[in-house]
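In what follows, residues are counted from 1 in the order of the sequence shown. Treat the numbers as computed from the prediction; the structure is a model and nothing was measured.
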Amino acid sequence: MSKTEELSRHKGAEGKSPGRWLALSVLVLAVLLVAVDATVLGLATPALSEDLQPSGTQLLWIGDIYSFVIAGLLVSMGSLGDRIGRKKLLLVGATAFGAVSVLNAYATSPEMMIVARALLGVAGATLMPSTLALIRNIFQDPRERSLAIGIWGAAASAGAAVGPVVGGALLQHFWWGSVFLINLPVMIVLVLVGVKLLPESRNPVAGPWDLVSVALSLVGVIGVVYAVKEVATHGPTWGVWAAAVIGGACLYAFVRRQFSLPSPLLDMRLFKHRGFSGAVLADLLTVFGLSGLVFFLSQFLQLVQGRDPLEAGLAELPAAVGAVVTGLLAGRYARRYSVRSTVVGGLAAIGLALGVLTVIHKDTGYPLLGAALLAVGLGAGLSFTVTADVILSSVPKEQAGSASAVSETAYELGAALGIALLGSVVTGVYQSFTAPASVPAPVADAAHESLGGAVEAAKQLDPQTAGQMVGAAQEAFVDGLRLASGVGAAVLLATAAATWFLLKGQKLQDGIEH
């Protein structure tokens, strides 16, 4: 063996911390909890609607403001972690996440719930980029790092699918606020163990944290996503156009500012790399399909097919199983075959599964639903894990926080858009149903807000009229779900085709870095 090879092996061995896999378990705990929180509310929606009585628009905001805020702050928080230390940011964020969870659990009005979910998003934004950036620094061997990212990705993908199961189990015995209180013991364990096991890392030459860029990214992302959500639900109003213009202008100013700063919040030159941009796009659309499907199937299984919360949560378990299985194997597949075939295959699987759901009806049997959920999980595990690896491997480890933030922004923005866009399609179709003529106008108005609202409003009517109104509402909801599935399928299959060209020649790293 040559001296150069011996030196390389020695350096690689030095870079392998003996406690790295235990440290990974702490990071996985954090990402699992944040991912679960993105979808755990789906099954609690009927009970929450009955208790807080939100309007249809408020219900959508309760569902997606968490992801909107996370998406708007991830780049800022990833950059902050590069500067003050990723471990420090993770532990502070975990403490805040646990405290704000209590506020969510005991919200007493729709407005309070929206604010509490937004604050939970602020805390969540400190966790996600820190976890992936620490993995980049703990695991120096690219093959080990691919496995670590696979485990991390499996937790992130499966967490979104496990959320309904956790929610269902809790709602079977407790009130809807319990889906937030479950965060407390997990966060306590995370902080106590993380203090001892996690190494600190930061960018020694990161420069100052630019607050103007922080504000521009937050206002820009939320403004644009709000406009997309509202135009799909209510059409192009002046308020929607104002939000779109303000959001777009802020994002444009953010990009221009990053090019002018000596130490930018986000190095925009990364996007000139075709593989990096393709991975970010695939990342976003993978979660778009997964989150939108899980959120609305939760309501379908409960409010249309009459399953209890736990049964509905267990029915969505195949998505979690599929994500875990392929997440752990995705790095190996990508090296054996190719990055683009693995990612494209994952996107196509999600797209085809959504396409299958365009034929569902009120009495569709579980085998079809279960198969579609399994396909979505398998596809998400393949695509999301490999794209995260590509994004993280494209930058020096000093910039790991910023690169992680890009990956996580795509993840959270995909979750928010999945709920907002596909949800807006479902809501738009749903609100067109016709209530029986004998139903009083106030009751009919309440029924048109949401399917949960229709079920609750029907309690004021005689059994025959109530059955007719709920039946019409359920049919309208299923019509909306079919159309949303078709839209999602078209988007995912188009993205798969584009990604085939964008990821051409892209490879995962091999060997020890030194």
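- Considering only residues two or more places apart in sequence or on other chains, F254 meets the ring-ring contact (aromatic ring centres under 6.0 Å, His included) condition with none of them.
- Looking only at side-chain heavy atoms (C-beta outward), Q258 and S213 come within less than 4.5 Å of each other.
- Under the side chain to side chain contact (heavy atoms under 4.5 Å, CB included) criterion, A123 pairs with A96, F97, not counting sequence neighbours.
- Atom CG of L119 and atom CD1 of I114 lie 12.0 Å apart (nearest 0.5 Å).
- Counting only heavy atoms from C-beta outward, the side chains of W241 and I246 never approach each other to under 4.5 Å.
- Atom CD1 of I65 and atom CE of M113 lie 12.0 Å apart (nearest 0.5 Å).
- Under the side chain to side chain donor-acceptor pair (under 3.5 Å) criterion, D445 pairs with no residue, sequence neighbours left out.
- Between S101 and L120 there is a side-chain heavy-atom pair separated by less than 4.5 Å.
- The CG atom of L218 lies 4.0 Å from the CD1 atom of I222; values are rounded to the nearest 0.5 Å.
- Contacts of T387 classified as side chain to side chain donor-acceptor pair (under 3.5 Å), with partners at least two apart in sequence or in another chain: none.
- Although no hydrogens or angles enter the test, the distance criterion places no donor-acceptor pair under 3.5 Å between the side chain of T126 and the main chain of V122.
- Nearest approach of V426 to G480, heavy atoms of both residues: CG2-O, 3.7 Å.
- Separating the CG atom in L190 from the CG atom in L90 is a distance of 5.5 Å, to the nearest 0.5 Å.
- When all heavy atoms are compared, the tightest approach of L89 to L80 is CD1-CD2, 3.9 Å.
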Take V343 and L382, measure what side-chain contact (heavy atoms from CB on, under 4.5 Å) needs, and give me the verdict at the end. CA-CA 6 Å; V343 174; L382 284 175; over 6 Å; no
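- Inter-residue side-chain proximity for V255 and Y252 is flagged as unmet; no heavy-atom pair is nearer than 4.5 Å.
- In this structure, the side chain of T385 engages the main chain of G381 through a donor-acceptor pair within 3.5 Å.
- The shortest distance between side-chain heavy atoms of L251 and L216 does not fall below 4.5 Å.
- Closest approach of R117 to I62, counting heavy atoms only: NE-O, 3.2 Å.
- Ring-plane geometry between Y430 and F477 is classed as perpendicular, the angle between the planes exceeding 60 degrees on a 0 to 90 degree scale with a lower cut at 30.
- No side-chain heavy atom of V100 sits less than 4.5 Å from a side-chain heavy atom of F180.
- To the nearest 0.5 Å, the span separating CD on E144 from CG on L24 amounts to 10.5 Å.
- For S260 (side chain) and R257 (main-chain N/O), a donor-acceptor pair under 3.5 Å exists by modelled atom type.
- Between L192 and I188 the shortest side-chain heavy-atom distance falls below 4.5 Å.
- Residues S109 and L52 come closest through the heavy atom pair N-CD2, 3.8 Å.
- Qualifying side chain to side chain contact (heavy atoms under 4.5 Å, CB included) partners for A116, counting only residues two or more places apart in sequence or in other chains: L103, N104.
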Which atom pairs, donor and acceptor, lie under 3.5 Å between side-chain atoms of residues 488-504 and protein residues at least two apart or in another chain?
residue : atom : partner : partner atom : Å
T495    : OG1  : V491    : O            : 2.7
T499    : OG1  : T495    : O            : 2.7

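- By the 4.5 Å heavy-atom criterion applied to side chains, I138 and L27 are counted as neighbours.
- Nearest heavy-atom pair across A105 and G177 is CB-O, 3.3 Å.
- Here A244 pairs with A227 under the side chain to side chain contact (heavy atoms under 4.5 Å, CB included) rule; sequence neighbours left out.
- Applying the side chain to side chain contact (heavy atoms under 4.5 Å, CB included) criterion to V102, with sequence neighbours excluded, gives Y106, L181, L184.
- Looking at every heavy atom in both residues, G377 comes nearest to T326 through O-OG1, 3.8 Å.
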For side-chain contact (heavy atoms from CB on, under 4.5 Å), just list the numbers for L91 and T95, CA-CA rounded to whole Å, side-chain angles, deciding distance to a tenth of an Å, and then say yes or no. CA-CA 6 Å; L91 296 180; T95 303; 5.6 Å; no
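- In this structure, W175 places its CH2 atom where more than 12 heavy-atom neighbours from other residues, nucleotides or ligands lie under 6.0 Å away.
- Take S217 and apply the side chain to side chain donor-acceptor pair (under 3.5 Å) test, not counting sequence neighbours, and it matches S76.
- Rounding to the nearest 0.5 angstrom, the gap separating the OG atom in S485 from the CG atom in L354 is 6.0 Å.
- Screening residues 276-285 for side-chain hydrogen bond (donor to acceptor under 3.5 Å, both in side chains), with sequence neighbours left out, gives D283-S407.
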